[in-house]
Student: 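Below is the structure I would like to discuss, written out as structure tokens.
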Amino acid sequence: MPVNVFFAAGPEHWPDYRIPLQNALAATGVDAVLADRAEDPAAVDYIVYSPGGIIADFTPFTRCKAVLNLWAGVEKIVGNATLTQPLCRMVDPAMTESMVEWVVGHALRHHLGMDRDIRSPAPHWDQISPPIARERPVAMLGMGALGQACAQALAALNFPVTGWSRTAKEVPGIPCLHGEAGLEAVLRQAQIVVTLLPRTAETENLLDARRLGWLPRGAFIINPGRGPLIDDDALLAALDAGQIAHATLDVFRVEPLPPDHSFWAHSGVTVTPHVAASTKPVTAAGVVAENIRRAEAGEPLLYLVDRARGY
Ligand code: NDP
């Protein structure tokens, strides 16, 4: 009997995903029927999901073996009490590439002081040479799929990168710390901080006034993780005081960022509209199909979310 795969990620995504998913499922050899509606929820074997998708109540999906999220972040679904099925998040190689490019680009902008030349009215001839990368320590908060890839790309350019995560980690070429003492140590020496943590109860306001104060004066912040990782008011105060030189923010507590939010007008803030890294249908379809193949073969699922941990 074929397995029924229900694409519940929303009608706007269906045209982009239908053919990649059909191709990827066919390539795995799994006999699957893919549909964007489920007449009989009890007959669905797998749900392809994204926040803003069309399911709020997972209770009727009694046969469902896994919910496969198209996004890396799961904060909008992980707390859903009706979701009892295994939940997998997305680790998409093309999305990782995008994130690496976005993070490295914004890090180099700040490192090289590009704004001076782009924004200064002509004529200007201030010969301020930036340090070389090996003199610019970077803190990578979050050393998961995306944090590790970004850390390694920055380290390849000779930035001294230190990683920080919840649990102890060994990553080739990147010293890694964890815990509160580790956070203080990593922040105290960082001139650029990149936040690639998930949104959980523990990471909410991780960068508050006290911890922003640990950074060397004039540090740069790059946040493609989630808005609530940083206390907005504390960040604005630190920017006004010169403690933080600039913050490049891709994610916000409320998205789209409301037009009257102070971030828009602040000269020390660059707002990008949650574009650091989107899931790419062809590669993501391969990940979804591989997880369905694994589940059918009785193999462990990839990128399984730990509900208690929240990511
Ligand atoms: P992973 O789950 O692979 O990695 C998460 C990392 O965060 C892990 O290193 C984990 O530690 C660490 N972490 C979690 N909680 C804590 C904590 N309380 N204290 C310290 N470290 C913690 O996620 P990804 O790398 O795939 O993605 C990271 C986030 O990036 C996503 O959750 C999402 O919010 C964001 N994102 C943003 C995008 C954008 O376009 N702006 C696109 C895609 C993702 P440990 O290793 O010990 O478990």
Side-chain angles (χ1 to χ4, degrees), residues 50-52 68-79 87-107 139-154 161-171 174-187 193-208 211 221-230 247-253 255-257 270-281 283-284 287 301-311:
S50 80
L68 306 164
N69 197 36
L70 290 179
W71 286 24
V74 292
E75 72 273 14
K76 291 188 176 156
I77 182 178
V78 73
L87 170 66
C88 296
R89 64 196 195 82
M90 178 51 65
V91 177
D92 165 18
M95 174 169 61
T96 304
E97 273 181 53
S98 295
M99 185 61 85
V100 166
E101 291 172 16
W102 189 91
V103 166
V104 169
H106 286 280
M140 185 63 62
L141 307 188
M143 285 294 282
L146 298 173
Q148 283 194 33
C150 292
Q152 269 155 347
L154 289 166
V161 183
T162 306
W164 182 77
S165 52
R166 193 177 57 85
T167 56
K169 260 193 180 22
E170 285 196 17
V171 178
I174 316 280
C176 290
L177 303 174
H178 64 283
E180 182 73 8
L183 181 60
E184 180 166 356
V186 76
L187 290 181
V193 180
V194 181
T195 43
L196 270 166
L197 298 154
R199 179 184 182 177
T200 67
E202 283 72 39
T203 61
E204 176 106 22
N205 287 330
L206 184 95
L207 291 183
D208 58 9
R211 291 170 177 149
I221 291 184
I222 300 175
N223 182 20
R226 282 294 181 261
L229 301 177
I230 306 179
T248 295
L249 310 174
D250 186 54
V251 282
F252 305 91
R253 283 167 199 271
E255 295 184 4
L257 185 65
T270 297
V271 171
T272 64
H274 202 146
V275 291
S278 59
T279 306
K280 314 293 180 214
T283 39
V287 175
L301 290 165
L302 297 171
Y303 318 128
L304 197 58
V305 171
D306 179 332
R307 306 289 169 86
R309 229 173 44 171
Y311 68 99

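Order of appearance sets the numbers: ligands from 1, and atoms from 1 within every ligand. All values below were derived from every heavy atom in this structure, side-chain atoms included, with hydrogens, water molecules and symmetry-related copies excluded.
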Student: Of the protein's non-hydrogen atoms, which lies at the shortest distance from atom 48 (O) of ligand 1, and what is that distance?
Tutor: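 Atom 48 (O) of ligand 1 sits closest to the protein heavy atom Tyr311 OH, 2.5 Å.
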
Student: With Thr195 as reference, evaluate Leu206, Leu249, Leu229 under the side-chain contact (heavy atoms from CB on, under 4.5 Å) test and give the passing residue.
Tutor: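 Of all the options given, the one that passes is Leu229.
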
Student: What protein heavy atom sits nearest atom 35 (C) of ligand 1, and how far off is it?
Tutor: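 For atom 35 (C) of ligand 1, the nearest protein heavy atom comes out as Gly225 O, 3.5 Å.
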
Student: About how many Å separate CG of Leu87 and CG of Asp306, when rounded to the nearest 0.5 Å?
Tutor: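 It is 10.5 Å, given to the nearest 0.5 Å.
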
Student: Please report which non-hydrogen protein atom sits nearest to atom 42 (C) of ligand 1, along with the residue it belongs to and the distance in Å to one decimal place.
Tutor: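 Protein heavy atom with the smallest distance to atom 42 (C) of ligand 1: Ala277 O, 3.1 Å.
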
Student: Which of the atoms of ligand 1 are close to Lys169, meaning less than 4.0 Å from one of its heavy atoms?
Tutor: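 By the 4.0 Å cutoff, the relevant atoms are 45 (P), 46 (O), 47 (O).
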
Student: Touching ligand 1 at all, Thr200? Heavy atoms, strictly under 4.0 Å?
Tutor: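 Outside the 4.0 Å threshold, so no.
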
Student: Under 4.0 Å from a heavy atom of Arg226: give me the atoms of ligand 1 that qualify, with their elements.
Tutor: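 The atoms of ligand 1 under 4.0 Å from a heavy atom of Arg226 are 33 (C), 34 (O), 35 (C), 36 (N), 37 (C).
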
Student: About how many Å separate CG of Leu177 and CG of Leu141, when rounded to the nearest 0.5 Å?
Tutor: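 Spacing of CG (Leu141) from CG (Leu177) equals 10.5 Å.
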
Student: Strictly distance-based, threshold 3.5 Å: is any side-chain N or O of Arg253 a donor or acceptor partner for the main-chain N or O of Ile230?
Tutor: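 Pair found, side chain donor or acceptor close to backbone of Ile230.
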
Student: State, with a plain yes or no, whether a side-chain heavy atom of Val251 is found less than 4.5 Å away from one of His274.
Tutor: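 Answer yes - side chains close enough.
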
Student: Answer with yes or no whether Met99 contacts ligand 1, where contact means a heavy atom under 4.0 Å from a ligand atom.
Tutor: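 Judged by the 4.0 Å heavy-atom criterion, Met99 does count as contacting ligand 1.
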
Student: Measuring from Glu75:CD to Arg89:CZ, what's the distance to the nearest 0.5 Å?
Tutor: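 Going from CD on Glu75 over to CZ on Arg89, the span is 11.5 Å.
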
Student: What atoms in ligand 1 come closer than 4.0 Å to a heavy atom of Thr203?
Tutor: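 Listed by number with element: 15 (N), 16 (C), 17 (C), 18 (N).
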
Student: Okay, side chain of Asn69, backbone of Met90: is any donor-acceptor separation there less than 3.5 Å?
Tutor: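 No; judged by distance alone, with no hydrogens or angles, the pair does not exist.
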
Student: Mark the output for Glu75 as yes if a heavy-atom distance to ligand 1 is under 4.0 Å, and as no if none is.
Tutor: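 Judged by the 4.0 Å heavy-atom criterion, Glu75 does not count as contacting ligand 1.
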
Student: Should one rank Val275, Thr167, Val171, Leu249 by closest heavy-atom distance to atom 47 (O) of ligand 1, which comes out on top?
Tutor: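 Among Val275, Thr167, Val171, Leu249, the closest heavy atom to atom 47 (O) of ligand 1 comes from Thr167.
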
Student: Could you tell me whether the side chain of Trp164 and the main chain of Gly179 form a donor-acceptor pair under 3.5 Å?
Tutor: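 Yes; at least one donor-acceptor contact below 3.5 Å.
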
Student: Any chance you could measure Tyr303, atom OH, to Cys88, atom SG, to the nearest 0.5 Å?
Tutor: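 Atom-to-atom, Tyr303:OH and Cys88:SG are 10.0 Å apart.
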
Student: What is the closest protein heavy atom to atom 6 (C) of ligand 1, and at what distance does it sit?
Tutor: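 In this structure, atom 6 (C) of ligand 1 has Gly144 N, 3.7 Å as its nearest protein heavy atom.
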
Student: If you measure every N or O of Arg309 against every N or O of ligand 1, does any of those distances drop under 3.5 Å?
Tutor: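 No, no N or O pair falls under 3.5 Å.
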
Student: Are the side chains of Val103 and Pro224 in contact, using a 4.5 Å heavy-atom criterion?
Tutor: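 Yes - at least one pair of side-chain heavy atoms lies under 4.5 Å apart.
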
Student: Report the member of Arg89, Arg199, Glu202, His178 with the shortest heavy-atom distance to atom 3 (O) of ligand 1.
Tutor: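 Ranked by closest heavy atom to atom 3 (O) of ligand 1, first place is Arg89.
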
Student: For atom 44 (C) of ligand 1, what's the nearest protein heavy atom and its distance?
Tutor: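 Nearest neighbour among protein heavy atoms for atom 44 (C) of ligand 1, to 0.1 Å: Leu146 CD1, 3.4 Å.
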
Student: Is Glu180 atom CD crowded by more than 12 heavy atoms from other residues, nucleotides or ligands, each under 6.0 Å away?
Tutor: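 Count over threshold, so yes.
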
Student: For atom 12 (C) of ligand 1, what is the closest protein heavy atom, and at what distance to 0.1 Å?
Tutor: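 Among all protein heavy atoms, the one nearest atom 12 (C) of ligand 1 is Leu197 CD2, 3.7 Å.
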
Student: Which atoms of ligand 1 sit under 4.0 Å from any heavy atom of Ala72?
Tutor: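 Near Ala72, the atoms of ligand 1 are 43 (C), 44 (C).
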
Student: Before accepting this row, confirm whether a basic side-chain N of the pair Arg226/Glu204 lies closer than 4.0 Å to the acidic partner's carboxylate O.
Tutor: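 Looking at Arg226 and Glu204, the cut-off is not met.
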
Student: Once you round to the nearest 0.5 Å, how far does CG of Leu146 lie from CG of Leu197?
Tutor: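 So the CG of Leu146 and the CG of Leu197 are separated by 11.0 Å.
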
Student: Atom 37 (C) of ligand 1: which protein heavy atom is closest, and how many Å away?
Tutor: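 Result: Pro224 O, 3.0 Å.
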
Student: Of all the atoms in ligand 1, which lie at a distance below 4.0 Å from a heavy atom belonging to Gly142?
Tutor: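 The list of qualifying atoms is 6 (C), 7 (O), 9 (O).
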
Student: Indicate yes or no: does an N/O atom of Met95 lie under 3.5 Å from an N/O atom of ligand 1?
Tutor: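 No, there is no polar N/O contact under 3.5 Å.
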
Student: Compute the minimum heavy-atom distance from Leu196 to ligand 1 and say whether it is under 4.0 Å.
Tutor: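 Under 4.0 Å: yes for Leu196.
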
Student: Going by the side-chain contact (heavy atoms from CB on, under 4.5 Å) test, name the single residue among Val194, Val100, Thr96, Val104 that passes it with Cys150.
Tutor: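 Of the listed residues Val194, Val100, Thr96, Val104, the side-chain contact (heavy atoms from CB on, under 4.5 Å) partner of Cys150 is Val100.
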
Student: Run the numbers for me: atoms of ligand 1, each under 4.0 Å from some heavy atom of Val251, listed by number.
Tutor: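 This gives 41 (N) as the contact atoms.
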
Student: Can you tell me how far apart CD1 (Ile174) and NZ (Lys169) are? Round to the nearest 0.5 Å.
Tutor: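 Interatomic distance, Ile174 CD1 to Lys169 NZ, rounded to 0.5 Å: 13.0 Å.
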
Student: Can you name the atoms of ligand 1, numbered from 1 with element, that are less than 4.0 Å from a heavy atom of Met143?
Tutor: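 Counting from 1, the qualifying ligand atoms are 6 (C), 8 (C), 9 (O).
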
Student: Report yes or no: does a heavy atom of Trp164 sit under 4.0 Å from some atom of ligand 1?
Tutor: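 Distance cut 4.0 Å: Trp164 passes for ligand 1.
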
Student: Counting non-hydrogen protein atoms only, what is the nearest one to atom 21 (N) of ligand 1? Give residue, atom name and distance.
Tutor: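 Result for atom 21 (N) of ligand 1: Arg166 N, 2.9 Å.
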
Student: I need the atoms of ligand 1 closer than 4.0 Å to a non-hydrogen atom of His274, numbered in the order shown.
Tutor: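 Listed by number with element: 39 (C), 40 (O), 41 (N).
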
